[in-house]
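Okay, structure first, notes after.
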Amino acid sequence: MTRAQQRAWQDLWPRLGVEAADSMLDLDAIFGRRARRTVEIGFGNGEALVTLAASRPAEDFLGIEVHRPGVGHLMLRCEELAVANLRILSQDAVDVLEQRLTPACFDEVLLYFPDPWPKKRHHKRRIVQDEFVALIASRLRTGGVFRLATDWQPYADWMLETLGRCPLLRNESPDGGWSPRPASRPPTRFELRGQQLGHAVRDLAFRRT
């Protein structure tokens with residue numbers, strides 16, 4: 001971590017961070033209100049998430065990321081932009097979803113550019129699996145949306161097939177394929193890198209029925 005990121009952990013984490021615990025999260029208490037809520041899983045350096053939070057002050061945003069430098073970067077950006085509607089957990093996302101979040105607590109779940117684990121023997125390590133998708137669906141409110149993006153075509157196909165098996169989710173694309181890039185999704189460094197390599201970015205949006 002940079003010195004600035006270390007300072008963020010010391011000075012900003014007490015305000016922006018949510019400590020690890022075994023108890024369920026009371027999001028109304030954490031944010032001090034009840035509002036439309038979005039969670040991003042694996043936010044990297046947090047640029048997309050902080051941009052969203054800054055543009056939607058009437059909504060609440062939760063970020064989950066275990067990479068400590070990325071968390072530090074996001075906290076610094078929150079300080080720079082005076083963002084007050086964002087909180088961070090630095091824990092395993094599946095553990096948080098299973099053990100600390102109640103059903104139907106989010107209006108939107110974001111999963112942008114997760115590790116594709118391209119080798120076939122590593123496919124079991126991909127976060128998008130049937131059990132994970134069912135878990136996400138259970139944490140979405142009725143009408144809520146699960147948004148995903150990847151620049152790895154085989155993983156995009158995998159995502160489309162896996163989400164299509166979940167009976168609680170409906171593909172927002174009329175033709176059952178990819179969705180247009182949402183205007184709310186700012187470019188990430190992973191996306192820009194993929195574009196430089198000539199990779200097409202695929203977006204998906206599935207709504208909780």
Side-chain angles (χ1 to χ4, degrees), residues 38-49 52 61-67 70 89 91-101 103-209:
T38 296
V39 59
E40 182 172 3
I41 298 167
F43 57 72
N45 67 8
E47 283 293 340
L49 184 58
L52 274 176
F61 293 83
L62 188 70
I64 306 175
E65 176 60 67
V66 296
H67 185 57
L89 287 109
Q91 294 179 253
D92 179 81
V94 174
D95 289 345
V96 172
L97 289 163
E98 286 182 339
Q99 303 168 19
R100 304 203 65 194
L101 292 169
C105 59
F106 290 108
D107 298 277
E108 200 169 31
V109 177
L110 311 177
L111 181 66
Y112 292 151
F113 304 95
D115 192 330
W117 293 103
K119 294 182 179 179
K120 187 174 182 179
R121 67 176 182 272
H122 293 155
H123 284 183
K124 61 184 179 182
R125 299 185 185 181
R126 290 174 170 174
I127 191 170
V128 178
Q129 307 283 348
D130 290 317
E131 297 82 359
F132 175 77
V133 172
L135 178 60
I136 293 295
S138 73
R139 295 318 187 244
L140 277 170
R141 297 185 178 118
T142 301
V145 179
F146 184 20
R147 299 189 186 279
L148 308 91
T150 181
D151 67 328
W152 189 258
Q153 185 64 47
Y155 198 16
D157 295 334
W158 172 288
M159 289 176 171
L160 185 62
E161 181 179 347
T162 305
L163 270 71
R165 288 195 294 265
C166 181
L168 296 178
L169 296 175
R170 183 188 71 241
N171 193 340
E172 285 290 274
S173 174
D175 63 2
W178 320 115
S179 293
R181 175 200 177 95
S184 61
R185 179 168 72 76
T188 70
R189 61 190 178 93
F190 293 103
E191 179 175 4
L192 296 175
R193 183 183 65 184
Q195 290 174 340
Q196 291 173 353
L197 295 172
H199 297 173
V201 175
R202 299 296 190 186
D203 280 271
L204 297 95
F206 277 73
R207 189 173 297 276
R208 174 69 156 86
T209 59

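Side chains are part of it too, since the values below use all heavy atoms of this structure and drop only hydrogens, waters and symmetry mates. Please read these numbers as outputs of a predicted model, since none were measured by experiment.
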Would you be so kind as to tabulate the donor-acceptor pairs closer than 3.5 Å made by side chains of residues 111-124, with sequence neighbours excluded?
{"residue": "D115", "atom": "OD1", "partner": "W117", "partner atom": "N", "Å": "3.0"}
{"residue": "H123", "atom": "NE2", "partner": "P118", "partner atom": "O", "Å": "3.3"}
{"residue": "H123", "atom": "NE2", "partner": "R126", "partner atom": "NH2", "Å": "3.3"}

*Minimum side-chain heavy-atom gap F106-L101 below 4.5 Å*: yes
*Partners of T150 by side chain to side chain donor-acceptor pair (under 3.5 Å), sequence neighbours excluded?*
none
*Taking atom CG of L49 and atom CZ of F61, what is their separation to the nearest 0.5 Å?*
7.0 Å
*E65 side chain to F43 main-chain N or O, any donor-acceptor pair under 3.5 Å?*
yes
*Applying salt bridge (charged side-chain N to carboxylate O under 4.0 Å, His left out), name anything that partners R125, two or more places apart in sequence or on another chain.*
none
_Test of understanding: with side chain to side chain donor-acceptor pair (under 3.5 Å), list the residues that count as partners of R139, not counting sequence neighbours._
none
*Answer whether the closest heavy-atom distance between the side chains of V201 and R185 falls below 4.5 Å.*
yes
Side-chain donor-acceptor contacts of residues 151-169 below 3.5 Å, not counting sequence neighbours, with atom names and distances?
{"residue": "D151", "atom": "OD2", "partner": "H199", "partner atom": "ND1", "Å": "3.1"}
{"residue": "Q153", "atom": "OE1", "partner": "R202", "partner atom": "NE", "Å": "2.9"}
{"residue": "Q153", "atom": "NE2", "partner": "D157", "partner atom": "OD1", "Å": "3.0"}
{"residue": "Y155", "atom": "OH", "partner": "V128", "partner atom": "N", "Å": "3.4"}
{"residue": "W158", "atom": "NE1", "partner": "V128", "partner atom": "O", "Å": "2.7"}
{"residue": "E161", "atom": "OE2", "partner": "R165", "partner atom": "NH1", "Å": "3.3"}
{"residue": "T162", "atom": "OG1", "partner": "W158", "partner atom": "O", "Å": "2.8"}
{"residue": "R165", "atom": "NE", "partner": "D130", "partner atom": "OD1", "Å": "3.1"}
{"residue": "R165", "atom": "NH2", "partner": "D130", "partner atom": "OD1", "Å": "3.1"}
{"residue": "R165", "atom": "NH2", "partner": "D130", "partner atom": "OD2", "Å": "3.3"}

*Verdict with reasoning, L204 to W178, per side chain to side chain contact (heavy atoms under 4.5 Å, CB included)*: CA-CA 5 Å; L204 297 95; W178 320 115; 3.9 Å; yes
*For V66 and Q91, work out which heavy atoms get closest and say how close.*
CG1-O, 3.3 Å
*Please report the closest heavy-atom contact between N171 and S179, naming both atoms and the distance.*
OD1-OG, 4.3 Å
*Who pairs with R207 by side chain to side chain contact (heavy atoms under 4.5 Å, CB included), at least two apart in sequence or on another chain?*
V145, R170, E172
*State which residues pass side chain to side chain contact (heavy atoms under 4.5 Å, CB included) with A93; sequence neighbours excluded, sorted by chain then number.*
I41, I64
_Suppose we screen for side chain to side chain donor-acceptor pair (under 3.5 Å). Which residues come up paired with D107, at least two apart in sequence or across chains?_
R141
*Can you sort out the partners of V94 under side chain to side chain contact (heavy atoms under 4.5 Å, CB included), two or more places apart, ordered by chain and number?*
D92, E98, F132, L135
*Mind checking side chain to side chain contact (heavy atoms under 4.5 Å, CB included) for S184 and listing every partner two or more places apart, or none if nothing turns up?*
L52, R56, P182
